[in-house]
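Accompanying notes for the structure given below.
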2 protein chains.
Amino acid sequence: MNATDILPLDAETKAFEAPHGHKDELRLWLRLLTCTNLVETEIRRRLRDGFDVTLPRFDLMAQLERAPQGMTLGEMSKRMMVSNGNVTGLVERLVESGHLERAPLPSDRRVQVIKLTTEGRSEFSAMAEAHEAWIAEMFEDLSAREIEALLKALGKLKASVLPTLRDAGRPS
Amino acid sequence: MNATDILPLDAETKAFEAPHGHKDELRLWLRLLTCTNLVETEIRRRLRDGFDVTLPRFDLMAQLERAPQGMTLGEMSKRMMVSNGNVTGLVERLVESGHLERAPLPSDRRVQVIKLTTEGRSEFSAMAEAHEAWIAEMFEDLSAREIEALLKALGKLKASVLPTLRDAGRPS
DNA sequence: CGCGATTATTTCAAACTTAAACCATTGGCG
DNA sequence: CGCCAATGGTTTAAGTTTGAAATAATCGCG
């Protein structure tokens, strides 16, 4: 019934497989997480202290700034890598505070298009400038060469991770 | 500590500073964030599907597993790099579900020490094994040399970030 | 001893986040 | 046309998360 019937060595082979040996990957993952958390926490604090804005609001505005013609909520959800409902709530509060405007698309009545308002855009550009400087400050000890190397290695990591993602609900 | 504190010419100097040139740091930061998010989201899904557990619960138990003698809530808060109140809530739910036990420390009545219960420990070890394999799978395309290099580079990044963290509430 | 500063934890309000259920609209396709 | 799957968003429930305020206990020091 099982491979043992055919290839008797399998059971043993299995038993001899290293019971661990993926520790380095794990260490790398934990370090990645630590770095991200450190930076993220500090950016969050500075955004709060300096601009009275939360990180997710900043992130959303950052995405919008690169799309002067506006963007669909679904598109935003994909770019921010967060759930639909999350975007709905964030947008709601940002519209409320005057940073965003939201308009239905006449050609497709399901779609909502969001844009930065003038005030939103101008507030954001001050934040973005500071933000860029903060990151530069935090990464200061890395040389251009090291940055380049990290970019490349993380690109490879990303390429390694992507194919392992399981489709949540496969139809077909 | 930097020149800004002493030299009054700063405002002008600032105006003449290159208006950009820190783009690579920013790109690196965004890529770091993307990698972390991809992995984290997938791990969260697999933990849910396979073990009906959330990522923060898993993280908390992971910290506890390495401290068989238990741990203080404050210690947990530091290790997980999350707020105190957050830990209080997580622990509450994990005690409720039988994974953790919590006991006051007689020698210091402010302190609560938490430990994994036997069931908690056994449930966790199944999760941990799967978790390690998932990470190994996701990082599969990286060679041992690349992993080593990334570990080192991220170590340097961490060392670069740490000194830039502002003390939230400075007394003195 | 007594008091003020510090430390450990909890509480609280607001916001964020997810997954799942739901609703409305659109786009095929017979 | 009429149905039905797919798409775009919103809603909902539960949980996570933060930062600040509140509590409680300990510590240091005169």
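In this text the structure is predicted, and so the values were computed from the model without any measurement. Protein chains get the first letters and strands the later ones, always in sequence-line order, with residue 1 at the start of each.
- Spacing between atom CG of A:Leu90 and atom C1' of C:dT18 amounts to 13 Å, rounded to whole angstrom units.
- Taking 4.0 angstrom as the limit, A:Arg93 places a side-chain polar atom (N or O) nearer than this to OP1 or OP2 of C:dC16.
- A close approach under 4.0 Å does occur between a side-chain nitrogen or oxygen of B:Asn86 and OP1 or OP2 of D:dT18.
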- Message: Go through it in stages, so that I can follow the logic: the residues are B:Glu42 and B:Arg45, the test is salt bridge (charged side-chain N to carboxylate O under 4.0 Å, His left out), and I'd like the CA-CA distance, side-chain angles, deciding distance and then a yes or no.
- Response: CA-CA 5 Å; B:Glu42 182 64 10; B:Arg45 164 157 58 219; 3.0 Å; yes
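- Evaluation of atom-type donor-acceptor distances gives no pair under 3.5 Å for the side chain of B:Arg110 against the base of C:dT9.
- Between the base of C:dT25 and the side chain of A:Arg109 there is no donor-acceptor pair shorter than 3.5 Å.
- Listed for the B:Thr72 side chain is no donor-acceptor partner under 3.5 Å among the backbone atoms of B:Val113.
- In the set C:dT9, D:dT17, C:dT18, D:dT17 carries the atom at the smallest distance from any side-chain atom of B:Pro56.
- When ring centroids are compared, B:Phe58 and B:Phe124 come within the 6.0 Å threshold.
- B:Glu148 and B:Lys152 are not joined by a salt bridge, as no carboxylate oxygen comes within less than 4.0 angstrom of a charged side-chain nitrogen.
- The side chain of A:Leu73 lies closest to D:dG9, out of C:dT10, D:dG9, C:dT18.
- If you check every strand for non-hydrogen atoms under 4.0 Å, A:Gly85 touches a base.
- Residue A:Ser77 is classed as having no contact, given no heavy-atom separation below 4.0 Å to the nucleic acid.
- Among C:dT18, D:dT18, C:dT9, the nucleotide with an atom closest to any side-chain atom of B:Arg44 is C:dT18.
- Residue A:Thr54 places at least one side-chain N or O under 4.0 Å from the OP1 or OP2 atom of C:dC16.
- Distances shorter than 4.0 Å separate none of the side-chain N or O atoms of B:Thr88 from OP1 or OP2 on C:dT11.
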- Item | Pair A:Glu119-A:His99, side-chain hydrogen bond (donor to acceptor under 3.5 Å, both in side chains): steps then yes or no | CA-CA 6 Å; A:Glu119 313 83 61; A:His99 294 86; over 6 Å; no
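- In terms of phosphate contacts, A:Arg57 brings a side-chain nitrogen or oxygen within less than 4.0 Å of OP1 or OP2 of C:dC16.
- Mapping A:Thr41 and A:Val111 onto DNA chain D via the closest heavy atom, the residue that lands nearer the 5' end is A:Val111.
- Between B:Gln112 atom CD and C:dT7 atom P the separation is 19 Å, expressed in whole Å.
- Each of D:dT26, D:dG19, D:dT10 was ranked by its minimum atom distance to the side chain of B:Asp108; first place goes to D:dT26.
- If you measure from atom CD of A:Glu40 to atom C1' of D:dT18, you get 12 Å, rounded to the nearest angstrom.
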